[in-house]
Amino acid sequence: MRSILVLFVVFGFFDLCNPHLISVYWGQDSAGGISLTFEKELLEYCKNFHYDIITIAFVDIFFDRNNKDNVLGINLSNHCNTSYEGYPDLLECPQIAEHIKECQKVGKKVVVSLGGASGLYGFNSADEAQDFAKTVWNLFLGGSSTVRPFKSAVLDGVDLDIEASSPLYYTTFVQAIRLLMSNDITKKYLITGAPQCPFPDYYLGPSKDTVLYDIGEEFDYLYVQFYNNYCCLGNENEFIAALKKWFNFSNETKTAHGKGPSIFVGLPSHPRASGGPEDYQTPEKVQAIYETIKSNKELGGFMLWDASFDSNNLIENQYYSALLYKFILKQN
């Protein structure tokens, strides 16, 4: 309890003009593979769940040798099983495309995540990173291509969930994709990242020669994964110490550049959504932690892994995310 009070004092005053958000990952149907019910379609989560940002996961192969011209590969579990001719690993998903548009109509942001816990991704050179930025722009964002996975739907940004391979050249990728985004005057795009909670993260940083060290100001949100690590929410002292470091990084970045990432506390949305029992916390316990950190102006909200687990976690007839929404995020 003492450490929670210290955290409250250190992190300052709450900004009533800066409401906190809920972000969620969708697309992997993580719960469906372990005897729970399958992940719902994207539109169901947009209409009936309290999410502000939905991250479609994952583009897990950056340069896929099975596809013509080594174009990227996508894995969406059981959600889409059709692909373009000549591109067996590049999905063609018209229904998801329509769902994206409907989600955006009701005010949800929908982005695509690059990487994941497993996959074949990374860059061998700056040229590869620049080329990949153009590919992502043309296939998912404001560019054009005859093989867009989500057809005419224009996503709201990209997420970097980098947990493997090399940390090199992501600075080049982010610079290139941000330049393309900034040249589109019709839409504001997001760049997000999902580092592990130990600070700094090995792949994203901020440590020398990583993207957060080089250009952390180009990120809008960081979905810090406070699970599957010693700094999980259940290990209160380590959680507080790590969160303070991420908050300090955010504050220093914004102070130096006038912009920078807000920090989201990443949580498993079900007891089986992570590697250990200490990772998952009940909404009431999360609320108690939230009360001690909500005053920090660098807090962006909460990220959940993932939508499939959330829709399998009914507590008194309410989903886990609905209780976060009711008890925490919208009760400021």
Side-chain angles (χ1 to χ4, degrees), residues 17-28 39-59 74 76 79 93 95-116 133 136-137 139-143 148-161 174 177-178 180-182 184-195 217-225 250 259-267 269 298-308 310-311 319 321-322 324-325 328-330:
C17 297
N18 184 28
H20 297 140
L21 308 175
I22 298 178
S23 175
V24 73
Y25 283 83
W26 174 89
Q28 287 302 292
E39 191 167 63
K40 302 175 187 294
E41 295 302 321
L42 178 61
L43 189 58
E44 176 76 13
Y45 290 107
C46 289
K47 286 188 172 182
N48 298 316
F49 286 72
H50 294 290
Y51 305 140
D52 301 288
I53 306 166
I54 297 179
T55 303
I56 297 177
F58 290 103
V59 173
I74 308 173
L76 295 180
H79 289 293
C93 311
Q95 183 184 55
I96 295 177
E98 292 307 310
H99 289 186
I100 291 169
K101 294 177 183 178
E102 291 300 316
C103 292
Q104 292 170 329
K105 286 180 182 178
V106 296
K108 312 294 184 179
K109 299 293 185 182
V110 186
V111 308
V112 63
S113 186
L114 315 176
V136 171
W137 174 256
L139 267 61
F140 297 105
L141 305 177
R148 286 175 65 94
F150 306 128
K151 301 297 186 175
S152 60
V154 179
L155 296 183
D156 296 295
V158 298
D159 172 67
L160 292 178
D161 182 14
V174 169
I177 198 80
R178 181 58 87 186
L180 291 166
M181 291 173 170
S182 63
D184 184 351
I185 62 174
T186 67
K187 188 178 182 71
K188 177 175 173 56
Y189 295 93
L190 298 172
I191 296 179
T192 67
E217 68 273 12
E218 297 299 341
F219 286 77
D220 297 287
Y221 306 133
L222 292 180
Y223 305 138
V224 183
Q225 299 180 49
S250 173
K259 59 178 182 175
S262 295
I263 304 302
F264 283 58
V265 175
L267 302 172
S269 57
E298 310 310 332
L299 180 66
F302 288 88
M303 175 274 283
L304 297 179
W305 177 267
D306 64 352
S308 67
D310 185 29
S311 55
Y319 294 116
S321 58
L324 293 187
Y325 179 94
I328 302 173
L329 300 179
K330 306 302 179 183

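FYI, the numbering just counts along the sequence from 1.
To the nearest 0.5 Å, atom CG of residue Leu190 and atom NZ of residue Lys109 are 6.5 Å apart. For the atom pair Phe264 CZ and Leu222 CG, the distance stands at 9.5 Å (nearest 0.5 Å). Atoms CG and OG, from Leu160 and Ser113 in turn, are 7.5 Å apart once rounded to the nearest 0.5 Å. Between atom NZ of residue Lys47 and atom NZ of residue Lys105 there is a gap of 10.0 Å, rounded to the nearest 0.5 Å. The line from OG of Ser182 to CD of Glu218 is 8.5 Å long, rounded to the nearest 0.5 Å.
For Cys93 against Leu76, the heavy-atom pair with the smallest separation is SG-CD1, 4.3 Å. Between Ile54 and Cys46, the shortest heavy-atom contact is CD1-SG, 3.5 Å. Heavy-atom minimum distance, Gly193 versus Phe219: N-CD2, 3.9 Å.
Formation of a donor-acceptor pair under 3.5 Å by the Lys108 side chain with backbone atoms of Tyr51 is found in this model. With hydrogens and angles disregarded, no donor-acceptor distance shorter than 3.5 Å links the side chain of Asp52 to the backbone of Leu21. In this structure a side-chain-to-backbone donor-acceptor pair under 3.5 Å is missing from Ser262 to Leu299.
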* Asked: So Leu139 and Val112, side-chain contact (heavy atoms from CB on, under 4.5 Å) or not? Walk me through it.
  -> CA-CA 11 Å; Leu139 267 61; Val112 63; over 6 Å; no

* Are Ser23 and Tyr223 close enough, and set up right, to give a side-chain contact (heavy atoms from CB on, under 4.5 Å), and what steps lead you there? -> CA-CA 8 Å; Ser23 175; Tyr223 305 138; 3.3 Å; yes

* Apply the test side-chain contact (heavy atoms from CB on, under 4.5 Å) to residues His20 and Phe302: give CA-CA distance (whole Å), side-chain angles for both, the deciding distance (0.1 Å), then the verdict. => CA-CA 8 Å; His20 297 140; Phe302 288 88; over 6 Å; no

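There is no side-chain donor-acceptor pair under 3.5 Å between Tyr25 and Asp161. Using a 3.5 Å distance cut-off with no hydrogens or angles, the side chains of Thr55 and Asp159 do not pair a donor with an acceptor.
Within the 4.5 Å cutoff, side-chain heavy atoms of Leu304 are placed close to those of Ser321. Put simply, the side chain of Val110 does not reach to within 4.5 Å of the side chain of Trp26, judged on heavy atoms. A heavy-atom distance below 4.5 Å is found between the side chains of Val59 and Ile74. Met303 has its side chain within reach of Gln225: a pair of non-hydrogen atoms, C-beta onward, lies under 4.5 Å apart. Contact annotation: the side chain of Leu42 approaches that of Cys103 to within less than 4.5 Å [non-hydrogen atoms, C-beta and beyond]. No side-chain heavy atom of Glu98 sits under 4.5 Å from any side-chain heavy atom of Gln95. Looking at heavy atoms from C-beta onward, Val158 lies in side-chain contact with Met181 at the 4.5 angstrom threshold. Side-chain contact between Ile177 and Leu141 is present, with heavy atoms from C-beta onward closer than 4.5 Å.
The environment of Lys187 atom NZ is dense: over 12 non-hydrogen atoms of other residues, nucleotides or ligands sit within 6.0 angstrom.
Listed by chain and number, the residues in a side chain to side chain contact (heavy atoms under 4.5 Å, CB included) with Ala153 are Ala97, Ile100, Lys101, Phe150 (sequence neighbours excluded). Partners of Arg148 according to the side chain to side chain contact (heavy atoms under 4.5 Å, CB included) rule, which considers only residues two or more places apart in sequence or in another chain, are Ser145, Val154. Applying the side chain to side chain contact (heavy atoms under 4.5 Å, CB included) rule to Lys40 yields the partners Glu44, Tyr45, Phe49, Ser311, Tyr319; only residues at least two apart in sequence or on another chain are considered.
Checked against Tyr189 for a side chain to side chain donor-acceptor pair (under 3.5 Å), the options Asp220, Asp184, Asp156 give a single hit: Asp184.
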